[in-house]
Each structure stands twice: as C-alpha cells, then as structure tokens.
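Worksheet for the structure shown next.
To find a chain, count down the sequence lines: A is the first, B the second, and so on, and within it residues start at 1.
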2 protein chains.
Amino acid sequence: MLTGEGCPKTMLSIKDALEALEGSWKLLILFALSSGPKRFKQISKEVSGISDKVLSKELKNLEQNKLITREVYDTYPPTVEYAITAHGKSLEKVMEELHFWGLTHRKEIIGK
Amino acid sequence: MLTGEGCPKTMLSIKDALEALEGSWKLLILFALSSGPKRFKQISKEVSGISDKVLSKELKNLEQNKLITREVYDTYPPTVEYAITAHGKSLEKVMEELHFWGLTHRKEIIGK
DNA sequence: GAAAGCACTTTCCGGTTGGAAAGCAAATGC
DNA sequence: GCATTTGCTTTCCAACCGGAAAGTGCTTTC
C-alpha cells in the first residue's frame, strides 16, 4: 500500500518518474519502439502529430535517461536506429495500465 | 493513415490517458488525496512546490475529468474538501507502477 | 477596530515551448 | 548533373505557462 498521511518518499519517486516522462510524447515514442527498433521517419509516422524538432529533442532526452539506444550505421542516406532498453521495457506495465485506464476514461468522459 | 504495424488504437487510448493527466501535478494531487479527503491548504502543503494558482487550476481540471469531487461547507472561514472519486482511485495501479519505476529509475540514473 | 485565516482569483510579466519551414551533407538513382 | 532521401538542426515567431504578489468576501479572534 502506498497510503499513509506522510508519504513524501513515495511522492518523491513518483515525481522522479513523472519528470523522466514529462510531456505526452515520451511514452508514445517508447510504445512505438516496444514493438521493435525503428528509424526516425518511421517513428515520426507512427507517433502522429509530432514534429521533427520535438521528436529529435525527445529522442535525445530518452537516450540520456537510458530508456532507448541510438545506433548509427554509415550508409547511403544516413540510417539511425532507435531501440528500447531493458530499463525502457520496464515501463511496459505503466503503459499497459495507462492503456486500460485510457479506455475506461474515454467511456467515462469523452464517449459520454 | 493507419499502419497495420503498430497498434494505433492502443496508442490512442494511451494518448487519452496522458492528456487527462498532463503535467506532473495531477497525479501528485491524486496521490495526496488517495489517503483521504483534504482541504486546499493541506494539499498545497503536501504537494510541495505547487503554487496556489496552479493548484486551483489543476483541481478544476481534475473535477471536470471526474477524478475528484469538490464539496463546499459554508462555515466561518470557508471549508472546501476535495476527495478522490472511484474513477480517480482506478489510477492507483498506475501510481503504484510509477512509484516502483521511479525507484529503479533513480537507482539507474540519478543515484548513479 | 484591527488583524488574520480561508480558498481562491487576478494581474503582471518573463521564460519556455512548439509549429512551420528551410537548411545541410553525402550518396545514390536517373 | 540534378533531384532525392535521411536525420537531423536552425530560425522565426506566436502562444502558453507559471511564479510572485496582491486582492476579495466573509468571519472569527484579539
């Protein structure tokens, strides 16, 4: 149980998590990568609405937080592959929970 | 264009969830309320760093999304109590997962 | 009568964010 | 030779965010 009048420690770790996942793009990018490594353009297609600039920034941030890896192959037109790390994979439970919650939330509020 | 590859429907519901929880305050406020109804000042104390203005705005948003309720008692100095709803409670799993993930993340990155 | 407490709301204002669009380097393909 | 592709980066610029601080309406306490 996470409850308790004074539970600032739990609060802190939630805060840590939220900081690392700030913005709504990061989890979506991770989700896209959870089905296999992808290239820049491919991600930008799957995560609809994101601009190149923002995607680039988010990818850097995710790499810094060791949630993804970046591999460059020096080929014809540049090939860069992004893959999710084990640490990133450990967010799958969170994504799953968010997914289910999102469904009920849509029923509750949006599809009302 | 919907690619058959990923899972755009899942992505959509995750997006819905993330939109409802946008910013890093909402989950923290919900967490504070998960241990029982609280008043404005009390929440502002527990969620350290939040300003009155933002707290007020977030509370309104949470109420609109039916994650909390607001009850006003007309007493001496005004008493307003916020409580988490069943729908809000259903986010506890997400919070729990975030909590655990935050702990390992801190080990992985911050406390390195 | 003065001060203080509660739950906000409002105003001011600087900083950050993010979209659109263009640039870039190098190697193919035509 | 020329356009094209890829994975970014840069610039411009408007919108939004959020902190600080003061105001509000009412009431109790000193």
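Separating the CG atom of A:Asp52 from the C1' atom of C:dG23 is a distance of 13 Å, rounded to the nearest angstrom. In this structure, B:Lys38 atom NZ and C:dC8 atom C1' are separated by 20 Å, rounded to whole Å. Going from atom CD of B:Glu71 over to atom P of C:dC8 covers 13 Å, rounded to whole Å. Between the C1' atom of C:dA7 and the CD1 atom of B:Ile43 lies a distance of 11 Å, rounded to the nearest Å.
Here A:Tyr73 lies out of heavy-atom contact (under 4.0 Å) with every strand.
In terms of the salt bridge (charged side-chain N to carboxylate O under 4.0 Å, His left out) criterion, residue partners of B:Glu22 (sequence neighbours excluded) are, by chain and number, B:Lys26. Not counting sequence neighbours, the partners of B:Val54 by the side chain to side chain contact (heavy atoms under 4.5 Å, CB included) test are B:Trp25, B:Ile50, B:Ser51, B:Glu58. A search for side-chain hydrogen bond (donor to acceptor under 3.5 Å, both in side chains) contacts involving B:Ser44 returns nothing, not counting sequence neighbours. Legend: residues meeting side chain to side chain contact (heavy atoms under 4.5 Å, CB included) with A:Glu96, ordered by chain and number and at least two apart, are A:Phe100. Take B:Trp101 and apply the ring-ring contact (aromatic ring centres under 6.0 Å, His included) test, not counting sequence neighbours, and it matches A:His87, B:His105. Under the salt bridge (charged side-chain N to carboxylate O under 4.0 Å, His left out) criterion, A:Lys89 pairs with A:Glu92, not counting sequence neighbours. Shown here are the side-chain hydrogen bond (donor to acceptor under 3.5 Å, both in side chains) partners of B:Arg39, two or more places apart in sequence or in another chain: there are none. For A:Thr104, the side-chain hydrogen bond (donor to acceptor under 3.5 Å, both in side chains) test picks out no residue, with sequence neighbours left out. Take B:Ser56 and apply the side-chain hydrogen bond (donor to acceptor under 3.5 Å, both in side chains) test, not counting sequence neighbours, and it matches no residue.
Remark: the backbone N or O of B:Pro78 is not paired with any side-chain donor or acceptor of B:Thr75 at under 3.5 angstrom.
There is a side-chain donor-acceptor pair under 3.5 Å between B:Lys38 and B:Ser35.
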Mind listing the N/O atom pairs, protein and nucleotides 15-20 of chain C, below 3.5 Å?
{"residue": "C:dG18", "atom": "OP2", "partner": "A:Lys57", "partner atom": "NZ", "Å": "3.2"}
{"residue": "C:dG18", "atom": "N7", "partner": "A:Lys53", "partner atom": "NZ", "Å": "3.3"}
{"residue": "C:dG19", "atom": "OP2", "partner": "A:Ser51", "partner atom": "OG", "Å": "3.0"}
{"residue": "C:dG19", "atom": "N7", "partner": "A:Lys53", "partner atom": "NZ", "Å": "3.4"}
{"residue": "C:dG19", "atom": "O6", "partner": "A:Lys53", "partner atom": "NZ", "Å": "2.4"}

Original post:
What string of B, S and - do you get for nucleotides 25-30 of chain C 5' to 3' if you count protein non-hydrogen atoms under 4.0 Å?
Top reply: --SS--
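First and last contacts of DNA chain D with chain A, using any nucleotide atom under 4.0 Å from a protein heavy atom and ordered 5' to 3', fall at D:dT5 to D:dT11.
Pairing for D:dC30 goes to C:dG1, judged as Watson-Crick or G-U wobble with the two contacts each under 3.5 Å.
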